[in-house]
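The structure appears right after this line, and notes come after that.
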Amino acid sequence: MELKEYTYKFRLYPNKEQEIKLAKHFGCVRWCYNHFLDKRVKYYLESKEKNLKKKSLNYNDDAKALTEIKKKEATKWLNEVNAQSLQHALKHLESGFNRFFNKLSKFPNFKKKNNKQSFRVPQNIKIKNNKLYITKFMEGIEIRLHRKIEGEIRNATVTKNCAGQYHVSIGVQREIKKLKPNNKVIGIDLGIKTLITCSDGTIYENIKPYRNLESRRRILAKNLSRTVKGSKGREKARRKLAKLDNYICNVRKDHLHKVSHKIVSENQTIIIENLNVSGMLKNRKLSKSIWDCSFSELVRQISYKSNWYGKELIQVSRWFPSSKTCSNCFYINDNLTLADREWNCPKCEIKHDRDLNAAINIKRQGLNQLNRGNHGDSCLS
């Protein structure tokens with residue numbers, strides 16, 4: 001069995017003193033990241049102006065400079081936190097620049113105090129007697145272990161969300177047993193009315209976590225806008241809104257994990273459409289509903305779980321007319337609109353459910369790709 005990277009997330013309950021120490025870690029890591037991001041930008045502009053041979057700084061340059069900064073009287077407070085967490089902030093910055101230069105993400109942004117805070121602990125992590133022991137917190141932080149940790153602990157990332165809740169993500173390497181193979185092939189059509197329609201007729205409902213609580217969120221957002229900036233009432237209203245947003249996110253993720261696990265567990269070959277979600281979100285009438293479905297996250301979960309459990313994922317081209325094609329006679333109905341949930345084929349006169357018909361066509365197209373040896377964006381174990 002192959003070792004896989006796996007992450008466990010648990011809730012932390014620090015006491016008042018530990019909250020102060022955690023705030024120092026968040027602040028120092030944030031300052032370190034922002035300081036060297038600013039330094040890199042200024043160095044690049046200076047090198048361009050003076051036509052220097054070295055055009056940009058790297059991790060080694062930043063690490064040497066950090067050692068010197070910690071010796072200065074004005075920044076001695078950096079020594080109060082875990083030195084490895086500061087170094088990892090520089091590695092995070094280096095990774096951000098590499099992704100930007102490889103056109104995988106946007107230019108790194110400065111970290112803000114009011115956003116989600118985090119710091120990484122790369123080693124010396126122990127969990128004992130329902131307490132988390134890391135460097136600078138050897139007295140232990142109370143942790144809620146809702147499941148057993150399997151595998152070798154590699155790192156820990158402590159976070160504080162906008163609702164003021166603390167969590168730790170424990171990264172491990174563990175063996176994941178592959179599921180028993182079967183011969184079942186399934187085609188999947190993603191949608192808004194129903195989240196997933198399978199080619200065998202199985203339907204997974206769209207629970208619409210944001211839409212169902214949108215009216216409540218609007219009230220909380222309005223209450224926040226009416227408070228005075230800098231007041232205790234504003235902070236209280238902000239926390240209430242952040243807790244609701246966090247709840248919506250958790251409900252959505254829980255549903256997607258259950259759906260993706262069930263699909264991967266029951267099928268050997270999964271065929272899905274390669275949707276252009278970023279393009280779909282430009283539709284002003286449907287963008288909020290599409291965002292609430294979180295198609296990209298669902299596909300990501302199906303992809304890595306297929307890889308874990310020895311299943312096969314095949315992605316069909318987004319340009320394939322799965323909804324407009326008759327699954328019986330292959331007639332293409334160019335007049336089909338998004339509002340048409342059912343339609344009759346003018347050639348063979350069969351009545352189609354739009355989503356089920358699309359799922360059947362996606363399955364057939366995926367099998368054609370498989371037979372031709374073209375897996376598209378398939379994820380093979």
Side-chain angles (χ1 to χ4, degrees), residues 182-212 255-256 258-260 262-277 279-296 298-299 302 311-372 374-378:
N182 57 63
N183 297 321
K184 193 170 181 183
V185 181
I186 199 80
I188 289 176
D189 178 63
L190 302 177
I192 297 174
K193 188 176 181 181
T194 56
L195 181 64
I196 289 178
T197 302
C198 300
S199 56
D200 62 358
T202 306
I203 291 175
Y204 296 92
E205 294 296 330
N206 180 11
I207 60 172
K208 302 177 182 178
Y210 179 84
R211 285 294 194 182
N212 291 335
H255 180 63
L256 294 181
K258 288 176 179 176
V259 169
S260 60
K262 187 173 175 63
I263 289 172
V264 172
S265 299
E266 294 178 353
N267 304 283
Q268 181 62 29
T269 303
I270 302 156
I271 305 171
I272 197 167
E273 203 169 10
N274 180 18
L275 296 176
N276 179 19
V277 179
M280 294 167 64
L281 288 172
K282 293 178 182 178
N283 185 325
R284 299 175 70 179
K285 293 183 179 180
L286 297 175
S287 59
K288 196 179 290 185
S289 297
I290 293 169
W291 170 81
D292 200 18
C293 293
S294 195
F295 292 139
S296 296
L298 178 58
V299 174
I302 293 175
K311 302 305 177 76
E312 185 174 27
L313 175 65
I314 300 172
Q315 292 196 353
V316 172
S317 171
R318 66 188 63 164
W319 305 112
F320 174 66
S322 57
S323 299
K324 295 181 178 182
T325 303
C326 173
S327 57
N328 182 56
C329 68
F330 311 119
Y331 171 82
I332 298 178
N333 182 7
D334 291 321
N335 297 321
L336 191 70
T337 64
L338 196 60
D340 299 327
R341 306 315 303 172
E342 294 180 345
W343 62 282
N344 293 315
C345 177
K347 187 175 180 181
C348 64
E349 299 182 348
I350 288 181
K351 187 176 182 179
H352 292 295
D353 176 270
R354 178 194 182 96
D355 297 334
L356 179 59
N357 177 66
I360 294 171
N361 286 326
I362 288 170
K363 177 183 177 181
R364 182 184 290 116
Q365 180 69 6
L367 290 175
N368 290 338
Q369 288 183 191
L370 190 64
N371 293 333
R372 292 196 303 265
N374 176 20
H375 296 272
D377 299 321
S378 63

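The residues of the chain are indexed from 1 along the displayed sequence.
In plain terms, the two heavy atoms of Asn182 and Lys311 that are nearest each other are ND2-NZ, 4.2 Å. When all heavy atoms are compared, the tightest approach of Glu205 to Thr194 is OE1-CG2, 4.3 Å. The two atoms that bring Ser327 and Asn361 nearest to each other are CA-OD1, 3.3 Å, heavy atoms only. Closest heavy-atom contact between Met280 and Leu275: SD-CB, 4.1 Å. The two residues Trp291 and Leu281 come nearest to each other via the heavy atoms N-CD2, 3.8 Å.
Between Glu273 and Ile188, every side-chain heavy-atom pair lies at or beyond the 4.5 Å cut-off. Counting heavy atoms from C-beta on, the side chains of Cys198 and Ile203 never come closer than 4.5 Å. The shortest distance between side-chain heavy atoms of Ser294 and Leu256 falls below 4.5 Å. Looking at heavy atoms from C-beta onward, Tyr331 lies in side-chain contact with Pro346 at the 4.5 angstrom threshold. Annotation: side chain of Ser322 is not in contact with side chain of Gln365 (no heavy-atom distance under 4.5 Å). Counting heavy atoms from C-beta outward, Asn206 and Cys293 have side chains that approach closer than 4.5 Å. Residues Thr269 and Ile186 form no side-chain contact, since every pair of their non-hydrogen atoms from C-beta on lies 4.5 Å or further apart.
Exactly one residue among Ile362, Leu338, Asn357, Leu336 makes a side chain to side chain contact (heavy atoms under 4.5 Å, CB included) with Ser323. That residue is Leu336.
Surrounding NZ of Lys184 are more than 12 heavy atoms belonging to other residues, nucleotides or ligands, all under 6.0 Å away.
In this structure, Glu342 pairs ionically with Lys351, as a charged nitrogen and a carboxylate oxygen lie closer than 4.0 Å.
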Please evaluate residues Arg354 and Asp189 with respect to the criterion salt bridge (Lys or Arg N to Asp or Glu O under 4.0 Å), reporting the C-alpha separation (whole Å), side-chain torsions for both, the decisive distance (0.1 Å), and the verdict. CA-CA 10 Å; Arg354 178 194 182 96; Asp189 178 63; over 6 Å; no
In sequence, state the C-alpha distance, the side-chain angles, and the governing distance for Asp355 and Arg341, and then conclude on salt bridge (Lys or Arg N to Asp or Glu O under 4.0 Å). CA-CA 8 Å; Asp355 297 334; Arg341 306 315 303 172; 3.1 Å; yes
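Separating the CG atom in Leu195 from the CZ atom in Phe295 is a distance of 6.5 Å, to the nearest 0.5 Å. Between Asn344 atom CG and His352 atom NE2 the span is 8.5 Å, to the nearest 0.5 Å. Rounded to the nearest 0.5 angstrom, Asn368 CG and Phe320 CZ are separated by 8.0 Å. Taking CG of Leu190 as the start and CD1 of Ile272 as the end, the distance is 4.5 Å to the nearest 0.5 Å.
Between the side chains of Asp292 and Ser289, no donor-acceptor pair is found at a separation under 3.5 Å.
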